[in-house]
Trainee: 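Got a structure here, written out as structure tokens. Questions coming.
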Amino acid sequence: MSATLCAGWIAALMVLIVSAKTPNVTSQDEIDDFVPYQGERSNIFDWNLLQNLAKSNRANLLVSPISLKLALVLLYEGAQDETAQQLATVMHLPVGILATRDKFSSVLKSLQTRRPEYELNLGTRIFLDQSVTPRQRYGAILKTFYNTDIVSLNFSNTRPSAELINDYARNITQARVQKLVEDESKLRNSMMLIASAMYFQGTWLRQPFSANQTQIGKFRLGDGKNTVQVPFMRSSSKFYYAYSSDLEAKILRLPYAGHKLAMYAILPQAPGKLDELLKKVSPFVINRHVWLMQELYVDVMLPKFKFDFTSKLENNLRELGIRDIFDDTATLTGILRSKSTSRRLVVTDIIQKTGIEVSERGTVAYAATEIDIGNKMNDETFQADQPFLFYIEDESTGTILYMGLVKNPLEETGISESSAAPQSAQMPSRVGGHEDAPTAWSAIIGTGTDERQNFFNVELLQELNEAKPGNVVVGTSSVKSALMILAEAAGGRTRQQIVSTLRLPSDVAQIRDVVSHSISSFKDPKSDTVLQTAIKMWLSKDVALHKDYTDIVQRYYKGELQATNFADVAGTVKTINDWANKCTNGHISSILEPNSVTADTKMVLTTAVYFKGTWLHSFDKSSTRSRCFNAPKLGCQQVPLMEVVEKYKYNYVPALDAQVIQIPYTGERVSMVVLLPQRLGEQALRDLSRDLAFTPVSVLLSSLQETEVLLQLPRFSIGNKVDLRATLEKLGIKDLFDDNANLTTAFPRGNLQVGAVMHNAQIQVNEEGTIAAAVSGVSVIPLMGSTVTTFRADRPFLFFLVDHQTNSILFAGRYVQPGGPATRSA
């Protein structure tokens, strides 16, 4: 296919060769300069837990996710094998124990920093029966990184043991929780108990509520019909507010004094819809709308409420996938020193007691200070006179402290102990799992899941930017599809590293659902936009595959398998390169070099992605002219800059200090997104690349507004052939390439490891479009002094090709040096 028929084409090939083995805080409470947390949030587990608890609880509900996660990560520190994998995957821990310690250490440092504006106590402690002895190293790790003590008790002497545990809870919670252990007799058969407690007391920032304004009113219960009389706090003041059409709900931010913590209330638009809201809510949707919040005058009506809640979490955690810690199969060998008289260590219970009281406290003096500032928007109201969802977040780290549901403000107690998990429940099989089994991920599949995977896409580009000079292009969807196939083949820590690095769901059925989005080919019936993907596994004739794995590759990944004679090195290289050439319509002639394989090679996995698109608004060739491009170290270089004046989605994004423009292809399913830093130089581009890790693609795109833009973009052609092994190792996928590789799920004989990850990607961008687009897209060059916004890509920039149906990044790249070779090898 000729490149002159399209605005641009881009192709990528992937091959794996397998052989035998903190923001500033202001002190002025009248100012609320709210900027959402920009780092990667670790709250998928939090929302899964809330949704799971809500299924078995029809009344008010409260849970402290961070308190529970701090308890579970202590077990992870001492866990091995499948027990560790369950904890890591369900909680979505960072890859590697050091990264996990860094994450939780920073959270603890943030939460345990004392401030005069509020009081926040957080504590976690492990109580062990004296029949077992903790390892000295384990105790030192818990104290050093988690500020947690291990206390040995005689559980046979139940009353004093229970009193010591309850004293600990009373001290942390300012005597709000009197008894964490209600039935002391249960201690007699216990080996280990984790006590986790948290206490927070804060006053509202800018004190928007006054007790004089509180009035009794009707609160509609969950059925939307019955009501109860409750006291409602009222305020007509400035709040950060957003409406979510996805959730059909209003979101209100209520910050506390100290500029660190805030409560978010999420109110269904219609009565009786809280259960539907819970099914649709996800951290990705919430995060996107938090970024879109605006400070408006809002009429707020919020009930005063106070209730306690007790959670017995064993069955909930079992349903989410953490099971081994409660069974005889638990492998917690890093916690104890062996004793001939000791029993096998398992967790007997995880108990959390929480309580909350929301009132007008501290709000009298400042009730009306800002009522008359600005223009009041009378149509913005937040009347929480029906069940709603809330959470309290540490906005400096994105850590959720508490989250819950208010279904009846008059109820003051609650307890959750879901029915026992079915005895037959098992973790999803790595091979041949039940595709239609329900999982905790059901609420966040689709856009949210793809959004989370984009973190890997950005990290991959970032690492290549740091490691490689010059222009860069990478087919992120090609890389991911290859690694997903290897995740299916892997077990143990090898699989965990791949799943965690790619931000894949823990459930294998959900991974396959992600694949259906990531590797789907498509052709727009009304345009020339085409995306073609292909996957092929070349196997040595002496390699045996599990039949289940063969079926998975063919069924879910649409992959082909072909027996290959690797002893014929030249013939094998030619055959695979011919396949690459065909799959990319002749744009990539080779993926393997003559020395890439040997007679000992056992498998070569190849993936190919080819994209061809025509601009929705084509560039007029007569407007393309030679202009200055400011290349790093080279200064002004004359290059052909294409030009068009059209309406595009565009914005300057302060968080990135960059201009962003979305340039659609015909069909408008796929766009090129170009990010242009305001500053010149390589450092500006590196900073932009790093900052992108903190800005989800959906948030970035939703911030763009349709604007008439004078767009100037260089014609360019980039090609890269690179071994990604070192890059993937830096991102956390390590075992795959050494003697620790575990690919036994696919290869029954084992003893295989990946030797190289070859990736070849090319892109060409020019002025051409379809005939219709060319006729309707004639450009007009503005006169001097025109008010048309200008996007002049006359300096290094980053670009992505985004599939808007899934919000996933198909290709990513960097353009820094014009006039260089079309293809660079590394």
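What you see is a predicted model; the values in this text were computed from it and never measured.
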Trainee: Hey, does the side chain of Q85 reach the backbone of Q496 with a donor-acceptor pair shorter than 3.5 angstrom?
Mentor: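 No; zero donor-acceptor contacts below 3.5 Å.
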
Trainee: Do the charged groups of D551 and K547 touch, with an N to O distance under 4.0 Å?
Mentor: yes

Trainee: Quick one: does N742's side chain have a donor or acceptor within less than 3.5 Å of a partner on T744's backbone?
Mentor: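 Side chain of N742 to backbone of T744, a donor-acceptor pair under 3.5 Å: yes, one is there.
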
Trainee: Working note: E77 + I97, criterion side-chain contact (heavy atoms from CB on, under 4.5 Å); need CA distance, chi angles, decisive distance, verdict.
Mentor: CA-CA 8 Å; E77 283 281 2; I97 193 64; 3.6 Å; yes

Trainee: Counting C-beta onward and ignoring hydrogens, is there a side-chain heavy-atom pair between V73 and F145 closer than 4.5 Å?
Mentor: no

Trainee: Tell me whether R137 contacts the main-chain N or O of G334 through its side chain, where contact means a donor paired with an acceptor under 3.5 Å.
Mentor: no

Trainee: Could you check if a side-chain atom of Y146 sits within less than 4.5 angstrom of a side-chain atom of R101, using non-hydrogen atoms only?
Mentor: yes

Trainee: Roughly how far, to the nearest 0.5 Å, is CG of N316 from CD1 of I322?
Mentor: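 Those atoms lie 11.0 Å apart.
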
Trainee: Could you measure the distance from the OG1 atom of T494 to the CG atom of D738? Nearest 0.5 Å is fine.
Mentor: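 Interatomic distance, T494 OG1 to D738 CG, rounded to 0.5 Å: 8.0 Å.
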
Trainee: Yes or no on side-chain contact (heavy atoms from CB on, under 4.5 Å) for Y549 and T745, after CA distance, side-chain angles and deciding distance?
Mentor: CA-CA 8 Å; Y549 183 72; T745 302; 5.5 Å; no

Trainee: Let me see the working for D578 and K574 under salt bridge (Lys or Arg N to Asp or Glu O under 4.0 Å), right down to the final yes or no.
Mentor: CA-CA 6 Å; D578 286 347; K574 182 180 185 304; 2.9 Å; yes

Trainee: Which residue is it: D81, T83, L75, L87? I am looking for the one with a side chain to side chain contact (heavy atoms under 4.5 Å, CB included) to D324.
Mentor: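 Answer to the side chain to side chain contact (heavy atoms under 4.5 Å, CB included) test with D324 among D81, T83, L75, L87: T83.
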
Trainee: Without swapping roles, check the side chain of Q497 against the backbone of K734 for a donor-acceptor pair under 3.5 Å.
Mentor: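 The answer is yes, because a donor-acceptor pair under 3.5 Å joins these two groups.
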
Trainee: Please lay out, stage by stage, how L561 and Q554 fare under the test side-chain contact (heavy atoms from CB on, under 4.5 Å).
Mentor: CA-CA 8 Å; L561 290 88; Q554 294 173 335; 3.7 Å; yes

Trainee: Is T572 reaching over with its side chain to a backbone N or O of N565, donor-acceptor style, under 3.5 angstrom?
Mentor: yes

Trainee: Checking R493 side chain against D735 main chain: does a donor-acceptor pair fall under 3.5 Å?
Mentor: no

Trainee: Rounded to the nearest 0.5 Å, how far apart are CZ of R323 and CD of Q86?
Mentor: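 Here the interatomic distance stands at 7.0 Å.
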
Trainee: In sequence, state the C-alpha distance, the side-chain angles, and the governing distance for K103 and L93, and then conclude on side-chain contact (heavy atoms from CB on, under 4.5 Å).
Mentor: CA-CA 9 Å; K103 176 67 177 178; L93 297 179; over 6 Å; no

